[in-house]
Amino acid sequence: MTTKKHDVIVLGSGLAGLRAAIEAAKNPEIDVGIISKVQLMRSHSVCAEGGTAAVLNPEEGDSFELHAWDTIRGADFLCDQDVVMRFVQESPKEIMLLDHWGVPWSRRPDKRIAQRPFGGHTYNRAVFAADKTGFFEMQTLYDTLQKYPNVSRYDECYVTAILIKDNQFTGVTVWDLSSGDFLFIQGKALVIASGGACRMFGFTTYSLTATGDGIAMAYRAGLSLKDTEFVQFHPTGLVPSGILITEAARGEGGYLRNNKEERFMEKYAASKMELAPRDIIARAEMIEIEEGRGFEGPDGLDYVYVDLRHLGADKINERLPLIREVAIKFNFIDPIYAPIPIRPAAHYFMGGIHTDIDGKTPVEGIWAAGEAACISLHGANRLGSNSTAECLVWGKIAGDKVAEYASKQGAFPDVPAETEIKDEENRIFGRFSADAKESAYEMRHELQKIMDSEVGVFRTGQGLEKALKKVKELEQKVPAIQVRDQGRIYNTDLLSALEIDNLLDLAEVVVVGALARTESRGAHSRRDFPQRDDENWLKHTLAHYTAEGPKLEYIPVAITMWRPVERKY
Ligand SMILES: Cc1cc2nc3c(=O)[nH]c(=O)nc-3n(C[C@H](O)[C@H](O)[C@H](O)COP(=O)(O)OP(=O)(O)OC[C@H]3O[C@@H](n4cnc5c(N)ncnc54)[C@H](O)[C@@H]3O)c2cc1C
């Protein structure tokens, strides 16, 4: 058994993981290991396009209270208000820090950092670098990380399990994809920053690698998951690929139109129009399509348009170059001259690993940050540009806390028995045979199909029951997955088998939570329970792993200043 050790282990090298690693590494006494199943810069964060929210110019009219209120109302009141207040106060500091570290933010004519409108925000507060914000943020954090000699990288290393003994983190088991080695990495503290799980849906804006591994491993290791029934559908997924057309396309003034050329948002959110929160626009688009005012698309992917033509070539080239490039390369459409076909696409997991306001989980030594975590900032619906900001804010907080924790810990926790690690190694490499019959690819496809059709923008009890049955059926097939490639190096066949296992566990939690929640709130819209029901459902869902399936429990929402009111835009 190969054993390595680091005071702090960071699982994931997206925005949250990199920010956490930098913060922890600021303490030269702390030795940090950062693990990613892909090359560090290929993490999904690099795809973030439109912007990062922060109050930068209070003297011009924005305020923390306004950003907090927008976030809380956008969340349909399911977020924790103390968490939101902390977020809005910390995020401007992160923007300035990244400015000093070198992010080439887009600028106003007076040279101050520019900010664009984003859905659900009542003030222009999305800070951006053209429409490649995540790329520049990642690059800058990556550059900054190079300054710290006390950081070791494990790129293309797949974490297979999080080990916990007596409610104390002990380490992770890792399959090194490039060498085929199986390692145990011992640690005093862990930050889980492994991203979301949108690949359980077929029509999604997410990278193929966003399979929720970290959330699933945490769940199986005994950590509880919070509010996973809330999945965000982004209104503008490019048809048919699902590639994101950033909300900035509407922030810069783009219109949504149906097949009658109408700007249909007038009927659904007359004051905010195309800049209403995402859940509201996604529902509006689905209604337009269902009622025959959409266009027929391939494979049932009927669509409406986002129209940028009136913005003119200069603005499109300056502010939305990536969108133009994507539309031309993938759809042979130049948005300067033609509208872009779009429909709602699975985009974000509001739920995740349950933590407190510092990102700490109930297990000693484990924190979570970024999309894998549910700190309860986004509630039932996240506002665009709040996620990258969350990654930075709680990446920093978690990095700071783990370093402090690890330095106080003294000795490393005990190494598990060698047999325990060997069992895990056998579970990974000996579990699937070449002669088995089930195809992980076919199973993923079936899962995505049922999630798209029954657990999408609109849900019903009947549809969710159907989805649950299918998910359980697919779970039964996992032991019989065929893995033809029996090698250890870059075995993507085996990787797909492990990923579908994770996706299925999480899909079950999503569906069970959605079935139990007999109300409509934010992105969870039940046709059979169309009203929000604060009396019974203003509470967070917690799901605990059991062999029979998730066991649900509910905990209160922290409400400090803002009482729930009807959500109107
Ligand atoms: C196309 C797109 C555009 C977006 N645009 C915006 C935007 O403009 N503004 C905004 O605020 N938000 C945006 N979002 C959302 C936001 O980008 C993400 O929520 C955020 O970047 C997630 O970052 P993260 O650090 O939590 O995880 P990720 O960036 O997803 O990184 C996850 C990391 O975990 C690692 N990992 C996962 N599983 C394992 C495993 N088993 N073993 C080892 N490593 C593992 C991966 O390798 C990766 O390094 C966008 C999302 C998408 C998909």
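Both ligands and their constituent atoms are indexed starting at 1 by order of listing. Keep in mind the model is a prediction, meaning the values are calculated, not measured.
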Chemist: Any non-hydrogen atom of E247 lying under 4.0 Å from ligand 1?
Modeler: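 Not so, E247 does not reach ligand 1.
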Chemist: Does the side chain of D76 come under 3.5 Å of the side chain of H524 through a donor N or O and an acceptor N or O?
Modeler: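 D76 vs H524: no donor-acceptor pair found between side chains.
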Chemist: Does ligand 1 have an atom under 4.0 Å from some heavy atom of G134?
Modeler: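 Contact check G134 vs ligand 1: negative.
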Chemist: Report yes or no: does a heavy atom of L11 sit under 4.0 Å from some atom of ligand 1?
Modeler: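 In this structure, L11 qualifies as a contact of ligand 1 - some heavy atom is under 4.0 Å.
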Chemist: Could you check, using the six-membered ring where one of them is a Trp, whether Y303 and Y305 have ring centers closer than 6.0 angstrom?
Modeler: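 Ring centroids of Y303 and Y305 are less than 6.0 Å from each other.
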Chemist: Once you round to the nearest 0.5 Å, how far does CG of L223 lie from CD1 of I164?
Modeler: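 Spacing of CG (L223) from CD1 (I164) equals 4.5 Å.
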Chemist: Is the number of heavy atoms from other residues, nucleotides or ligands under 6.0 Å of R42 CZ greater than 12?
Modeler: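 Not buried by this count: 12 neighbours or fewer within 6.0 Å.
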Chemist: Among all protein heavy atoms, pick out the one at the shortest distance from atom 16 (C) of ligand 1; state its residue, atom name and that distance to 0.1 Å.
Modeler: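 For atom 16 (C) of ligand 1, the nearest protein heavy atom is S387 OG, 3.5 Å.
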Chemist: Ion pair present between R153 and D155, side-chain N to carboxylate O less than 4.0 angstrom?
Modeler: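 Salt bridge flag = yes for D155 with R153.
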Chemist: Hey, is T205 touching ligand 1 through its side chain, its backbone, both or neither, going by heavy atoms under 4.0 Å?
Modeler: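 Answer for T205: both.
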Chemist: Measure the CD-OG1 distance between E424 and T160 for me, rounded to the nearest 0.5 Å.
Modeler: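 Answer for the CD-OG1 pair, E424 versus T160, is 3.5 Å.
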Chemist: Just by distance, no angles: are the side chains of E156 and Y490 close enough, under 3.5 Å, to form a donor-acceptor pair?
Modeler: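 Yes, because at least one side-chain N or O of E156 sits under 3.5 Å from a partner of the opposite role on Y490.
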Chemist: Give the contacting part of M217 toward ligand 1: side chain, backbone, both or neither, where contact means a heavy-atom distance below 4.0 Å.
Modeler: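 Within the 4.0 Å criterion, M217 contacts ligand 1 through side-chain atoms alone.
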Chemist: Heavy-atom contact under 4.0 Å between A248 and ligand 1?
Modeler: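 No, A248 has no heavy atoms under 4.0 Å from ligand 1.
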Chemist: Record the part of S207 in heavy-atom contact with ligand 1 below 4.0 Å; permitted values are side chain, backbone, both and neither.
Modeler: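 Within the 4.0 Å criterion, S207 makes no contact with ligand 1.
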Chemist: Counting the benzene-type ring for Trp, do Y348 and H378 have ring centres under 6.0 Å apart?
Modeler: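 They qualify: ring centres under 6.0 Å apart.
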Chemist: For atom 6 (C) of ligand 1, what is the closest protein heavy atom, and at what distance to 0.1 Å?
Modeler: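 Sorting protein heavy atoms by distance from atom 6 (C) of ligand 1 puts A48 CB, 3.5 Å first.
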Chemist: Flag the pair E137 and R19 as a salt bridge only when some basic side-chain nitrogen lies within less than 4.0 angstrom of an acidic carboxylate oxygen.
Modeler: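 R19 and E137: not salt-bridged.
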Chemist: Using a strict cut-off of 4.0 Å, indicate which atoms of ligand 1 neighbour a heavy atom of V38.
Modeler: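 Atoms satisfying the 4.0 Å criterion: 47 (O).
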Chemist: Tell me the protein heavy atom at minimum distance from atom 44 (N) of ligand 1, and give that distance in Å.
Modeler: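 The closest heavy atom on the protein side is K37 N, 3.0 Å.
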Chemist: Can you tell me which residue among R250, R278, R125 is in a side-chain contact (heavy atoms from CB on, under 4.5 Å) with F118?
Modeler: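 Only match with F118 under side-chain contact (heavy atoms from CB on, under 4.5 Å): R278.
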Chemist: Could a heavy atom of T52 be found less than 4.0 Å from some atom of ligand 1?
Modeler: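 T52: no contact with ligand 1 (<4.0 Å).
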Chemist: Is it the side chain (CB and beyond), the backbone, both or neither of A53 that lies under 4.0 Å from ligand 1, heavy atoms counted?
Modeler: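 Neither; no heavy atom under 4.0 Å.
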Chemist: What protein heavy atom lies closest to atom 19 (O) of ligand 1? Include the residue and the distance to one decimal.
Modeler: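 In this structure, atom 19 (O) of ligand 1 has E371 OE1, 2.6 Å as its nearest protein heavy atom.
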Chemist: With heavy-atom distances below 4.0 Å as the criterion, list the atoms of ligand 1 near D213.
Modeler: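 What qualifies from ligand 1 is 38 (N), 39 (C), 40 (C), 41 (N).
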Chemist: Tell me, which protein residue and heavy-atom name are nearest atom 9 (N) of ligand 1, and how many Å apart are they?
Modeler: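 Atom 9 (N) of ligand 1 sits closest to the protein heavy atom G51 O, 2.8 Å.
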Chemist: Specify whether W175 and F429 have parallel, tilted or perpendicular ring planes, treating 30° as the upper limit for parallel and 60° as the lower limit for perpendicular.
Modeler: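 If you compare the ring of W175 with that of F429, the planes turn out perpendicular.
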Chemist: Can you tell me which portion of V46 lies within the under-4.0 Å heavy-atom range of ligand 1? Options are side chain, backbone, both, or neither.
Modeler: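 Neither; no heavy atom under 4.0 Å.
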Chemist: What do the steps show when you test D279 against Q232 for side-chain hydrogen bond (donor to acceptor under 3.5 Å, both in side chains), and what is the final call?
Modeler: CA-CA 7 Å; D279 56 335; Q232 176 160 85; over 6 Å; no
Chemist: Under 4.0 Å from a heavy atom of C157: give me the atoms of ligand 1 that qualify, with their elements.
Modeler: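 Matching atoms, with element in brackets: 42 (N), 43 (C).
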Chemist: Any salt bridge linking E252 with K315? Criterion: basic side-chain nitrogen under 4.0 Å from a carboxylate oxygen.
Modeler: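 Looking at E252 and K315, the cut-off is met.
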Chemist: What is the ring orientation for H121 with H67, classed by angle as parallel under 30°, tilted 30 to 60°, or perpendicular over 60°?
Modeler: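 Tilted, since the angle between the ring planes falls between 30° and 60°.
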Chemist: Please could you name the atoms of ligand 1 that S13 approaches to less than 4.0 Å, counting only its heavy atoms?
Modeler: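 That gives atoms 33 (C), 48 (C), 49 (O) of ligand 1.
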Chemist: Where on R382 is there a heavy atom closer than 4.0 Å to ligand 1, on the side chain, on the backbone, on both, or on neither?
Modeler: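 Side chain only; the backbone of R382 stays clear of ligand 1.
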Chemist: Do me a favour and list the nearest non-hydrogen protein atom to atom 51 (C) of ligand 1 with residue, atom name and distance?
Modeler: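 Atom 51 (C) of ligand 1 sits closest to the protein heavy atom H44 NE2, 3.3 Å.
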Chemist: Does atom OH (Y441) have a neighbourhood of more than 12 heavy atoms from anything else shown, all under 6.0 Å?
Modeler: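 For Y441, atom OH is crowded (more than 12 foreign heavy atoms under 6.0 Å).
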Chemist: As a check for students: among G370, G50, G352, identify the option with a heavy atom nearest to atom 8 (O) of ligand 1.
Modeler: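 Among G370, G50, G352, the closest heavy atom to atom 8 (O) of ligand 1 comes from G50.
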Chemist: So if I count the atoms of ligand 1 from 1 in the order they appear, which ones are less than 4.0 Å from some heavy atom of Y158?
Modeler: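 Those atoms are 41 (N), 42 (N).
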Chemist: Identify the closest protein heavy atom to atom 3 (C) of ligand 1: which residue and atom is it, and at what distance?
Modeler: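 That would be L244 CD2, 3.2 Å.
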Chemist: Out of curiosity, K4 NZ to D181 CG, how far, rounded to the nearest 0.5 Å?
Modeler: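 Answer rounded to 0.5 Å: 9.0 Å.
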Chemist: First locate atom CZ of F349, then atom OH of Y206, and finally report the distance between them rounded to the nearest 0.5 Å.
Modeler: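 Those atoms lie 10.0 Å apart.
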Chemist: Closer than 4.0 angstrom: is that true for some heavy atom of H347 and an atom of ligand 1?
Modeler: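 Per 4.0 Å heavy-atom rule, H347 contacts ligand 1.
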Chemist: Answer yes or no for C391: is there a heavy-atom contact with ligand 1 below 4.0 Å?
Modeler: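 Within the 4.0 Å threshold, so yes.
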Chemist: Among all protein heavy atoms, pick the one closest to atom 25 (O) of ligand 1 and tell me residue, atom and distance.
Modeler: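 Nearest protein contact, heavy atoms only, for atom 25 (O) of ligand 1 is A16 N, 3.0 Å.
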Chemist: Can you confirm, on distance only, whether ligand 1 has an N/O atom lying under 3.5 Å from any N/O atom belonging to V159?
Modeler: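 Such a contact does occur with ligand 1.
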Chemist: For ligand 1, which atoms have a heavy atom of C47 less than 4.0 angstrom away?
Modeler: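 Heavy-atom distances to C47 below 4.0 Å select 1 (C), 2 (C), 3 (C).
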Chemist: State the atoms of ligand 1, each with its element, that fall below the 4.0 Å cut-off from a heavy-atom position in G14.
Modeler: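 Atoms satisfying the 4.0 Å criterion: 25 (O), 29 (O), 31 (O), 49 (O).
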